[in-house]
Amino acid sequence: QVMLVESGGGSVQAGGSLRLSCAASEGTVSNHVMGWFRQAPGKEREFVAATGYGGGTRYNEDVVKGRFTLFRDIAKDTVNLQMNSLKPEDTAVYFCACARGFELYTTRRMYTDWGQGTQVTVSS
C-alpha cells in the first residue's frame, strides 16, 4: 500500500500563493504517475495536474491557466504543487494520488492510491 500525505493547505486572500506538498512512500514518485485533484463542496473531484516518468507534466488548463506549477523531488519522494494568483474559485480540498502506468492520466479512476487531502480556502 502506498502512503500519500498532503500538507501545505491553508487560508489565503485572493492573489496569494500556497505550495502544497505530497509526501509519498519510498520509491513511489520515481515509479508512478503522480497527480493532484481537487474537490469543492458540492462538486465532482477534478483533475488539476500530473507528472510522471521523465518529469513531464500535464495540467488542466481550464483550472490552472498558467498559475500552478507541478514539480517532483524524487530523492525526497515528494510532489509539490506551487499555486500562485489564487482565486476564491480555487477553494477546495486538494488530493494527491498515484497511478501505475505511463500516461499522465486525467481521469480519477486511473489513480489507485489517494491521500486524505488538504484544505485550501481563498477569500475575496
Side-chain angles (χ1 to χ4, degrees):
Q1 177 105 20
V2 172
M3 296 294 292
L4 301 171
V5 180
E6 303 94 335
S7 62
S11 297
V12 295
Q13 291 191 326
S17 298
L18 284 173
R19 176 176 293 186
L20 305 184
S21 182
C22 174
S25 305
E26 184 177 355
T28 298
V29 172
S30 60
N31 294 308
H32 292 76
V33 175
M34 303 298 297
W36 281 95
F37 287 73
R38 71 182 189 183
Q39 188 165 15
K43 295 188 176 181
E44 294 291 317
R45 193 169 299 189
E46 65 178 345
F47 171 74
V48 176
T51 184
Y53 300 99
T57 54
R58 185 174 185 177
Y59 297 95
N60 180 345
E61 290 299 339
D62 289 338
V63 168
V64 174
K65 298 177 183 177
R67 301 177 298 134
F68 297 178
T69 303
L70 179 65
F71 57 99
R72 62 180 189 170
D73 187 331
I74 293 176
K76 295 182 179 180
D77 269 301
T78 60
V79 178
N80 303 292
L81 184 67
Q82 177 66 42
M83 305 188 297
N84 299 325
S85 302
L86 285 163
K87 305 174 182 180
E89 51 263 43
D90 293 316
T91 295
V93 178
Y94 285 70
F95 296 90
C96 176
C98 68
R100 293 162 182 81
F102 299 95
E103 295 183 17
L104 300 181
Y105 307 111
T106 63
T107 53
R108 179 180 175 180
R109 62 181 176 85
M110 297 304 295
Y111 290 81
T112 55
D113 298 276
W114 293 80
Q116 294 299 307
T118 185
Q119 176 71 47
V120 171
T121 303
V122 185
S123 58
S124 58

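In this text, all values refer to a predicted model and were calculated from it rather than measured experimentally. Hydrogens, waters and symmetry mates are skipped; everything else that's a heavy atom, side chains included, is used.
Looking only at side-chain heavy atoms (C-beta outward), Thr57 and Phe71 stay at 4.5 Å or farther from each other. Counting heavy atoms from C-beta on, the side chains of Asp113 and His32 never come closer than 4.5 Å. Residues Thr78 and Val29 fail the side-chain proximity criterion, which asks for heavy atoms closer than 4.5 Å. Between Leu18 and Tyr94, every side-chain heavy-atom pair lies at or beyond the 4.5 Å cut-off. Residues Val122 and Val12 form a side-chain contact, since some pair of their non-hydrogen atoms from C-beta on lies under 4.5 Å apart.
Residues Ala50 and Tyr111 come closest through the heavy atom pair CB-OH, 3.5 Å. Residues Thr121 and Gln119 come closest through the heavy atom pair OG1-NE2, 3.4 Å. When all heavy atoms of Ile74 and Ser30 are compared, the closest pair comes out as CG2-CB, 3.7 Å. The two residues Cys96 and Met34 have their closest heavy-atom pair at SG-CE, 4.0 Å.
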Evaluate the criterion side-chain contact (heavy atoms from CB on, under 4.5 Å) for residue pair Thr106 and Phe37; output intermediate values, then yes/no. CA-CA 9 Å; Thr106 63; Phe37 287 73; over 6 Å; no
Stepwise side-chain hydrogen bond (donor to acceptor under 3.5 Å, both in side chains) test for Thr112 and Arg100: CA-CA 8 Å; Thr112 55; Arg100 293 162 182 81; 2.6 Å; yes
With side-chain hydrogen bond (donor to acceptor under 3.5 Å, both in side chains) as the test, would you mind laying out the steps for Asn80 and Gln82 before giving the verdict? CA-CA 6 Å; Asn80 303 292; Gln82 177 66 42; over 6 Å; no
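One distance of note links CE of Met3 with SG of Cys98; it measures 11.5 Å at 0.5 Å rounding. Rounding to the nearest 0.5 Å places NZ of Lys87 at 15.5 Å from OG of Ser123. Here the OG-CG distance, from Ser11 to Leu86, works out to 11.5 Å after rounding to the nearest 0.5 Å. From Asn84, atom CG reaches atom CZ of Arg19 across 9.0 Å, with rounding to the nearest 0.5 Å. A distance of 10.0 Å separates OG of Ser17 from CZ of Arg67, quoted to the nearest 0.5 Å.
Both Val48 and Met83 belong to a common hydrophobic cluster when Ile, Leu, Val, Met, Phe, Trp and Tyr are linked at side-chain heavy-atom distances under 4.5 angstrom. Residues Val33 and Trp36 are members of separate hydrophobic clusters, defined by side-chain heavy-atom contacts under 4.5 angstrom among Ile, Leu, Val, Met, Phe, Trp and Tyr. Note: the hydrophobic cluster containing Met110 also contains Phe95 (ILVMFWY, side chain heavy atoms under 4.5 Å, direct or indirect links). Phe47 and Val63 fall into different hydrophobic clusters, where Ile, Leu, Val, Met, Phe, Trp and Tyr are joined by side-chain heavy atoms under 4.5 Å apart, directly or via other members. By the rule that hydrophobic residues join a cluster once side-chain heavy atoms approach within less than 4.5 Å of another member, Leu81 and Leu4 end up as members of one cluster.
Formation of a donor-acceptor pair under 3.5 Å by the Asp77 side chain with backbone atoms of Thr28 is found in this model. A side-chain donor-acceptor contact under 3.5 Å links Glu6 to the backbone of Gly117. Judged by distance alone, with hydrogens and angles left aside, the side-chain atoms of Tyr59 form a donor-acceptor pair with the main-chain N or O of Leu70 at under 3.5 Å. Here the side chain of Ser25 pairs no donor or acceptor atom with the backbone of Val2 at under 3.5 angstrom. Although no hydrogens or angles enter the test, the distance criterion places a donor-acceptor pair under 3.5 Å between the side chain of Asn31 and the main chain of Gly27. Looking at Arg38, its side chain never comes within 3.5 Å of a backbone N or O of Ala92 through a donor-acceptor pair. Judged purely by atom type and a 3.5 angstrom limit, Arg45 has no side-chain atom pairing as donor or acceptor with the backbone of Val93.
In the displayed structure, Gln116 atom CD is contacted under 6.0 Å by at most 12 heavy atoms of other residues, nucleotides or ligands. Atom CD of Glu103 has 12 or fewer neighbouring heavy atoms from other residues, nucleotides or ligands inside a 6.0 Å radius.
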